[in-house]
Amino acid sequence: MSDIAQVPRRHETPNAVMHTYASRALTGTELAVWSVEMEAGATGPVHVVDGEQVIVVIDGELELTLRGETRTLRAGASAVLPAGDQRQLVNRADSPAVTLVSSRSGVRASTAQQDGVPLPWAV
């Protein structure tokens, strides 16, 4: 472990590409920080995370549904995603969107299909 990550870890899902910049496994920190790149038209799964997350839109825009309310987050906007609240991100724009996200290392996500899965980019 090192407190300096020379090369971020890359993770791909069907909906996005994540690059981990800090996490317990990568830098030895309790705080995980990663970017998310979502292509135009990408839809993330409806899910719940067991730890608070903060998301900042760096480029583009995303539609966030949280607690049954939907709003558009544009570049420069941020949102706090409380632990245990159902959420979904969708890129309805014609261009990619990039976010920076942080949470505690080791958070787990649950969907209708899986329960308590560690987020590999936050480990």
Looking only at heavy atoms, what is the nearest atom pair of [X] and [Y], with distance?
| X | Y | value |
| --- | --- | --- |
| Asp94 | Ala40 | C-CB, 3.5 Å |
| Pro96 | Glu39 | CG-OE1, 3.8 Å |
| Pro120 | Arg9 | O-NH2, 3.1 Å |
| Val123 | Ala25 | O-CB, 3.5 Å |
| Thr20 | Trp121 | OG1-O, 2.8 Å |
| Met18 | Ala16 | SD-CB, 3.8 Å |

Considering only heavy atoms from C-beta outward, does the side chain of [X] approach that of [Y] to under 4.5 Å?
| X | Y | value |
| --- | --- | --- |
| Arg87 | Ile55 | no |
| Pro118 | Arg108 | yes |
| Ser103 | Trp34 | yes |
| Leu89 | Thr99 | no |
| Arg104 | Val107 | yes |
| Val36 | Leu62 | no |
| Ser110 | Asp115 | yes |
| His19 | Val17 | yes |

Roughly how far apart are [X] [atom1] and [Y] [atom2], rounded to 0.5 Å?
| X | Y | atom1 | atom2 | answer |
| --- | --- | --- | --- | --- |
| Tyr21 | Leu26 | OH | CG | 11.0 Å |
| Gln88 | Thr43 | CD | OG1 | 6.5 Å |
| Gln86 | Thr111 | CD | OG1 | 10.5 Å |
| His47 | Gln114 | NE2 | CD | 12.5 Å |
| Glu61 | Thr72 | CD | OG1 | 6.0 Å |

Q.
Looking at Asn91 and Ala42, would you say the former's side chain and the latter's main chain have a donor-acceptor pair under 3.5 Å?
A. no
Q.
Checking the side chain of Glu52 only, and the main-chain atoms of Ala83 only, is there a donor and an acceptor separated by less than 3.5 Å?
A. no
Q. For Arg71 and Glu63, what are the C-alpha separation, side-chain angles and deciding distance, and is it a salt bridge (Lys or Arg N to Asp or Glu O under 4.0 Å)?
A. CA-CA 6 Å; Arg71 62 182 174 144; Glu63 182 178 275; over 6 Å; no
Given the rule that I, L, V, M, F, W and Y join up when any side-chain heavy atoms are under 4.5 Å apart, are [X] and [Y] in one cluster?
| X | Y | answer |
| --- | --- | --- |
| Leu119 | Val48 | no |
| Val56 | Val33 | yes |
| Leu66 | Val101 | yes |

Q | Flag if over 12 foreign heavy atoms under 6.0 Å of CD, Glu30 | A | yes
Q.
Under the criterion side-chain contact (heavy atoms from CB on, under 4.5 Å), I'd like the reasoning laid out for Val57 against Arg74: C-alpha separation, chi angles, the key distance, then a yes or no.
A. CA-CA 6 Å; Val57 179; Arg74 293 181 174 80; 5.9 Å; no
